[in-house]
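The structure appears below as structure tokens.
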Amino acid sequence: MTTDSHPQPDKADVAILIVDDDPRNLFAVRETLEDLGAQLVLARSGEEALKHLLRQDFALILLDVHMPGMDGYETAGLIRLREKSRHIPIIFLTAINKDETHIFRGYATGAVDYMFKPVDPQILKCKVSVFVDLYRKTEEVKREVEAKQRLLDENERVRREMRQAEQALRRSEERQALILGQLPIVLYTADLTPGIPFRYLSDTTRTVLGCPAARFIEDPNFWESGLHPDDRNRVLRQLASIHDAGLTTVEYRWRGPDGGERHLLDQAVVVRDEDGRPAELFGTIMDVTETRQAQQQLAHAQKMEMVGQLTGGIAHDFNNMLMVVIGSLERLVPGLADDPKAARRAEMALQAALRCSDMTRRLLTFARRQQLHPEPVDLGDLVAGMGELMERTLGGGVAIAIEAPPADAEPLWIASVDRSQAESALLNLVINARDAMPGGGTLRIGTANTRFTEPQTGNGMSVPAGDYILLSVADSGCGMPAHVLERAFEPFFTTKETGKGTGLGLAMIHGFVKQSGGLIGIDSEPGRGTVFRLYLPRAAVDSAHGVSTDEDDGHEAFAGRGETVLVVDDDADVRSVAVQAVAALGYRVLEADGAEAALTLLDRQPVDLLFTDIVMPGGLNGRELALEGLRRHPSLRVLFASGYANGTSAPGPEAGASTDAGGTADPGAVLGAVLSRAETLSKPYRDGDLARALRRALDPQAPLAPAEAVRGG
């Protein structure tokens, strides 16, 4: 059913067609636009809209995209096929089809705008009023032409009407200028001669494009000279075809006098004279730079997340397989003492598996799913200690200069980072610098104290104000152009030849710095080299103590004393290797393939330590199992194992956990505090790592929570 509003008699020259299958939406749009003084014609389907178009002309069509039967795209296509209606501007309204594919489809079918529901009434009203004023202006111009043709017969009357028309036009332009002054768009008219020179541009030109409107009108080539070289041919070709199409929508990059590059959305329609010949071009230019930048950042973030999920999942499964390989080889090597050749081969296989383990740790760091082990690290000593390795990596053609802070400067602060990951990041930067200097050059590595007095952001990272240690790596190589610099940290992006780079090095460094709570900066210019700056957080205590990680320190001090350990893992092979390793250390071992079986064993017999995998499909995961186990058995000790550190932070107090009126700790909070001290052993682990972790879990420095507190009194 169609409902027409009753316009005022002097405003009935403009009609707007509103098409939506939902009567509530029709009512809302009508209420928003009613005071524009236009005739509002409502239709609830595409078929009904086409019938209205056969009966009258419209200044604008507001068209819903998602409708039963004939949808908005089909309706728009049929409107554009009809000569009389093909010039009518169409604004699509949708609450469903919001992805880029549907947006471009909407513009391809001839829409001048694409708005998402719920529509802001003020924005809709402003946009519609622009087209209403444009329609009225066009009609006024047509009437003016007709008046001029009657000059010979009604000279005096026509002059009087012309003066009235001119006054009305001035009033219309004043209203239009007032409206356009509040909108972030440029309204223009242009000649349809080659080059399409501008005739008129609105006063918003300086705000949107960065230069006055007169600059475009006085110099017909000014606009074309600012087109990005990669876009110029496409844009000019599309504008040249507007004579046939009647309208166009084109997006391009434009460089203004200030050197800044803007993304512009240009929408234009051909206005024809009474004989149907193209007369001039009406259009709008909108600056969509911020929108495109936001879309690029979102796409980059989504791509990083997808790649991270894929990488983390693969590395997690690979770690489980390596756990079986490394554990089995460690069981095998001692038994081959009488066969040196076989023992050597087994040791080679073990070392290769350990190198694979290191590779998966790097992949997990890139995916930001690797559990880092921050420790106090003197970055100056770290750089100096890697000097010989870096010299061998760089070769003879590149000179390396390690720049220490000045002698009178404050001593270098101690950073809080994962030492192995910091070494890997530095080595990656050194290799990149070497590849950027194929003809030789100088590599400068420096460290310095840095204090940020306010939060800093950059390259997808943000850090609070505070103390940081700067690690800078500068080369004198070829440098990077702007378009390469923008994608420097993008995974799998590389400018190297096939087979000479994976494009993961900088992405891994980015992941390590971000996960460490730091900031990364990069400056580069073609022909002037590149400088990478890593700002790493300062340690709470400025002292670095080395920790022995030798595997030759013996496991006797960490041997079991007959305690009972329950090993829980859903992977049978991984569980078997873990059971053998724990038993070999002198513990009594029980095993379970999941949380349900583990809880049954915990209830049947005493267990000193729960050694559980974190990620287990179906039912409770490892952390939930530990929480339930502690509820039932408060004296239980816990040690976690994980193929990657996704969610390794111990759970906090349960929702609503607090202290009661008497000051007694809530049981959920107490259990959360107990789990916060539980260690996570990263797979694949060595026998020595397992031995130390088991003893630390069974002999913690801090006492366990009182049983009565866990039971809730």
For [X] and [Y], indicate whether the former's side chain and the latter's backbone hold a donor-acceptor pair under 3.5 Å.
| X | Y | answer |
| --- | --- | --- |
| Arg80 | Ile88 | yes |
| Gln456 | Met461 | no |
| Ser85 | Ile79 | yes |
| Thr109 | Tyr73 | no |
| Thr205 | Ala213 | no |

- Item | pair Phe131-Val112: side-chain heavy atoms closer than 4.5 Å | yes

- Any side-chain heavy atom of Ile520 sitting closer than 4.5 Å to one from Phe512?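 Contact flag for Ile520/Phe512 side chains = no.
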
- Should we say atom CZ of Phe452 is surrounded by more than 12 heavy atoms from elsewhere, each under 6.0 Å from it?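 Counting neighbours around CZ of Phe452, more than 12 heavy atoms of other residues, nucleotides or ligands fall under 6.0 Å, so yes.
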
- Query: Is the number of heavy atoms from other residues, nucleotides or ligands within 6.0 Å of CZ (Arg82) greater than 12?
  - Reply: yes

- Quick one: OG1 on Thr530 to CE on Met437, what's the gap to the nearest 0.5 Å? 9.5 Å

- Please list, chain by chain and in numerical order, all residues satisfying ring-ring contact (aromatic ring centres under 6.0 Å, His included) with Phe216, sequence neighbours excluded.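 If we apply the ring-ring contact (aromatic ring centres under 6.0 Å, His included) test to Phe216, skipping adjacent residues, the hits are Phe198, Phe222, Trp254.
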
- Task: Using the test ring-ring contact (aromatic ring centres under 6.0 Å, His included), find all partners of Tyr252 that sit at least two apart in sequence or belong to another chain.
- Result: Trp223

- May I ask you to say whether Arg175 pairs ionically with Asp133, meaning some side-chain N is under 4.0 Å from a carboxylate O? no

- When you check the gap from the basic side-chain N to the acidic O, do Asp20 and Lys117 get nearer than 4.0 Å?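 A salt bridge is present here (some side-chain N lies under 4.0 Å from a carboxylate O).
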
- Item | Val119, Val65, Leu63 screened by side-chain contact (heavy atoms from CB on, under 4.5 Å) with Thr94, the one that passes |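 Between Thr94 and the candidates, side-chain contact (heavy atoms from CB on, under 4.5 Å) is satisfied uniquely by Val65.
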
- Query: So which of Val186, Leu201, Ile185 actually passes side-chain contact (heavy atoms from CB on, under 4.5 Å) with Val208?
  - Reply: Val186

- Task: Tell me whether the centres of the aromatic rings in Phe58 and Tyr135 are closer together than 6.0 Å.
- Result: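 No, too far apart.
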
- With sequence neighbours excluded, what pairs up with Arg255 under the salt bridge (Lys or Arg N to Asp or Glu O under 4.0 Å) test? Glu261

